[in-house]
Amino acid sequence: MGLKDGEGGSGKRDESNTTRCGAATAGAASRGVGTAVDTTRSSPPVISSQKHGPSDGGVWCAPLPAAWCVAWWWHTSSARVVAPPGPAASQQAAASANRISRRVLRIASSVRPLFRLAQPCPGRVDCLAMGERIEYRDGRWVVPSHPIIPFIEGDGTGPDIWRAARRVFDATVRKVSDGKRQIDWLEVLAGEKAFKQVGNWLPEATLDAIRTHRVAIKGPLTTPVGGGIRSLNVALRQVLDLYACIRPVRYFEGVPSPMREPQKLDVVIFRENIEDVYSGIEYRAGGPEANAVIGFLTERFGAKIRPGSAIGIKPMSKFGSQRLVAKAIEYALRAGRRSVTLVHKGNIMKFTEGGFREWGYEIARERFGDKTIPEADTGDGRRETGTVIIKDRITDAMFAQLVLRPEEYSVIAAPNLNGDLLSDAAAAQVGGLGLAPGANVGDGYAVFEATHGTAPKYAGQDKVNPGSVILSGAMMFEELGWDDVAAAIARGLGGAIRARRVTYDLARLMPGATEVSTSAFAECIIEHV
Ligand code: NAP
């Protein structure tokens, strides 16, 4: 969020890096620490020998058929119990691994500070990892230098883009911190991969791991067809109460855009993520529920509804609206952004959308009164230094404004449906969804995600654009206070696009550009970090 292309440097190439972007081979192996659930390994697991900084340690695997290993590191870090894929995820293996880990933990605690363990989660193996947990205290993230971050690889092209993204994240963190910081990636299952392995599209263990580690990143997930969970993404958001969907939209020089001056658009959209149409209260036309609701509204309130109509209910609360607007204002203040615009259709839906507008102004006045000013009170339109102007616009007018005068808008706060429509329209103005990142954020929990789908027809071809998940990672690092990493990733991506070595989706729109694979594009980004 708020990342500027070329920020913090001129996009200079690192001459010591001998990999030329475009030269990388398809499906290059990923580097980095091993994952706690790593389905690419065969039993027993091979645990990565990479450690945090200079340290000594070892790995001990129980003889087969036991399904766990213990890895330990002295000096700087921790130890973990790792289970191999498949049956290892069973309750039995989990319980045995957990028993061992608790025993090791007890021993380890007696020899601190030489030796430290990641805290195990009861009954779980896949939340044990090297590194330390991210904490959330007094409304702030507390981020260790070696945080554990769970990831969901995603379905379809998810593994392709995740592999590329992880290379970019690891290389950037290493370079920017001189090797002092490192992410301990922890794979958690969701989607088709979870269904195949454990028979559940969204295992409770995955939700537990995200609850434990607080911040996660995910690739796209297939929406199960025919019953069960309506949408995994919606379920994740609701279960973890990730009430703000945050979508920064900005232009990268060189990306083909339908606009004459796409660089003028630089907005961060905060969209309410739980209520409104996402509350999912909808009844089929002619069904008993719809008929009952129609009957009730007609008899009780004299409402005029055509018989046989389908019914959708759109609840919007003061609580839900205000916490979203507050988050947008907090961000604007933190990022030095000049305004927050409330987008609503309050001229027609006076109590829901109109309520959003009214409650938005109210929370701005009550909680941020000394740091915000309503647009109507700004007189000549200028603001006092350090204050954020609170504006509001009716939804249809907002679409026109973003096209005609995008530079007048900075942060947007919107109810669910308005925000959904606006985010995609804005992304199209700067060159499409392929590069649009997103985050679902609550209080003390955040899941960052690629905004496109699984693009299944390209799965396993090392072909699609990893830009969306890479920029989502940049958002994640910025949220965690690693602004230097976020800026470097944006710089690297901007550099790769300026070098005109891009994936097929951009190459077909950029005359003279060279099409490169997903993994080669990642290498190109790394060269420009
Ligand atoms: P989609 O996967 O987004 O793919 C539609 C088209 O968008 C692709 O055919 C491709 O266009 C382009 N595209 C998508 N990702 C791209 C990338 N990384 N790089 C370049 N081009 C990309 O949408 P869908 O086919 O409607 O949905 C497929 C599955 O994804 C469904 O199960 C859906 O429910 C799910 N989905 C998940 C999420 C999520 O997890 N957040 C979001 C949306 C959809 P061209 O073929 O024209 O090149």
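The shown structure was predicted, so the numbers you read here are calculated from the model rather than taken from an experiment.
At a threshold of 4.5 Å between non-hydrogen side-chain atoms, the residues D424 and R247 count as touching. N273 places none of its side-chain heavy atoms less than 4.5 Å from the side chain of V441. At a threshold of 4.5 Å between non-hydrogen side-chain atoms, the residues S279 and I274 do not count as touching. Using a 4.5 Å cut-off on side-chain heavy atoms (C-beta onward), I329 and I390 make contact. You'll find the side chain of V388 stays beyond 4.5 Å of the side chain of F368, heavy atoms only. Using a 4.5 Å heavy-atom threshold, the side chains of H452 and P220 count as touching. Counting heavy atoms from C-beta outward, P437 and P248 have side chains that approach closer than 4.5 Å. Put simply, the side chain of S519 does not reach to within 4.5 Å of the side chain of R163, judged on heavy atoms.
Heavy atoms only, all atoms of each residue included: R334 and E479 are closest at NH2-OE1, 4.1 Å. Nearest heavy-atom pair, V430 versus S257, reported as atom, atom and distance to 0.1 Å: C-CB, 4.2 Å. Annotation for F399 and L422: closest pair CZ-N, 3.7 Å, computed over non-hydrogen atoms. Considering every non-hydrogen atom in both G419 and I269, the closest pair reads O-CG2, 4.3 Å. Looking at every heavy atom in both residues, P147 comes nearest to W482 through CD-CH2, 3.7 Å. Between S423 and V249, the shortest heavy-atom contact is O-CG2, 4.4 Å.
Judged by distance alone, with hydrogens and angles left aside, the side-chain atoms of D392 form no donor-acceptor pair with the main-chain N or O of H344 at under 3.5 Å. In terms of modelled atom types and a separation under 3.5 Å, the side chain of S177 and the main chain of K180 share a donor-acceptor contact. Of the possible donor and acceptor atoms, none in the side chain of E375 sits under 3.5 Å from a partner among the backbone N and O of K391. Of the possible donor and acceptor atoms, one in the side chain of K175 sits under 3.5 Å from a partner among the backbone N and O of V529. Between the side chain of N416 and the backbone N or O of V277 there is no donor-acceptor pair closer than 3.5 Å. Of the possible donor and acceptor atoms, one in the side chain of R500 sits under 3.5 Å from a partner among the backbone N and O of P511. Q429 places a side-chain N or O within donor-acceptor distance of the main-chain N or O of L402, the cut-off being under 3.5 Å. In this structure a side-chain-to-backbone donor-acceptor pair under 3.5 Å is present from S468 to A436. Judged by distance alone, with hydrogens and angles left aside, the side-chain atoms of S472 form no donor-acceptor pair with the main-chain N or O of F448 at under 3.5 Å.
Rounding to the nearest 0.5 Å gives a distance of 8.5 Å between CD1 of I394 and CZ of R357. From W359, atom CH2 reaches atom CE of M316 across 6.5 Å, with rounding to the nearest 0.5 Å. Between I210 atom CD1 and T212 atom OG1 the span is 10.0 Å, to the nearest 0.5 Å. With values rounded to the nearest 0.5 angstrom, M476 atom CE is found 13.0 Å from E449 atom CD. One finds the NE2 atom of H528 at 12.0 Å from the CD1 atom of I526 (value rounded to the nearest 0.5 Å). Taking CD1 of I470 as the reference point, atom CZ of R167 lies at 11.0 Å (rounded to 0.5 Å).
Using bins of under 30°, 30° to 60° and over 60° for the plane-to-plane angle, the ring pair W185/F169 lands in the tilted bin.
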Worksheet item: What do the steps show when you test T372 against R367 for side chain to side chain contact (heavy atoms under 4.5 Å, CB included), and what is the final call?
Response: CA-CA 9 Å; T372 62; R367 199 182 302 169; over 6 Å; no
Worksheet item: Given L435 and L493, is the side chain to side chain contact (heavy atoms under 4.5 Å, CB included) satisfied, shown in steps?
Response: CA-CA 10 Å; L435 286 172; L493 187 73; 3.9 Å; yes
Worksheet item: Checking side chain to side chain contact (heavy atoms under 4.5 Å, CB included) for the pair N418/E272: CA distance, chi angles, key distance, verdict?
Response: CA-CA 9 Å; N418 294 337; E272 206 288 324; over 6 Å; no
Discussion item. Could you walk me through whether L417 and E353 satisfy the side chain to side chain contact (heavy atoms under 4.5 Å, CB included) test, starting with their C-alpha distance in whole Å, then the side-chain angles of each, then the deciding distance to 0.1 Å, before giving a yes or no?
Written reply: CA-CA 11 Å; L417 184 57; E353 303 264 334; 5.9 Å; no
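In this model, no donor atom of one side chain and acceptor atom of the other lie less than 3.5 Å apart for Y445 and D241. Defined by atom type and a distance below 3.5 Å, a donor-acceptor pair is missing between the side-chain atoms of T454 and D155. Side-chain atoms of Y136 and D443 include no donor-acceptor pair closer than 3.5 Å.
The existence of a salt bridge linking R166 and E187 is excluded, since no basic side-chain nitrogen approaches an acidic carboxylate oxygen closer than 4.0 Å. In summary, E204 and R211 engage in a salt bridge, as defined by a charged side-chain N under 4.0 Å from a carboxylate O. The pair D505-R508 does not meet the salt-bridge criterion, since no charged nitrogen lies less than 4.0 angstrom from a carboxylate oxygen. Using a 4.0 Å cut-off between charged nitrogen and carboxylate oxygen, D276 and R271 do not count as a salt-bridge pair. Note on E515 versus K463: salt bridge recorded, some NZ/NE/NH1/NH2 to OD/OE distance being below 4.0 Å.
A cation-pi contact, defined as under 6.0 Å to the ring centre and within 45° of the axis, links R250 to F252. At least one cation-pi condition fails for R237 and Y278: the charged atom is not both under 6.0 angstrom from the six-membered ring centre and inside a 45 degree cone around its axis.
Around NZ of K314, the count of heavy atoms belonging to other residues, nucleotides or ligands within 6.0 Å exceeds 12.
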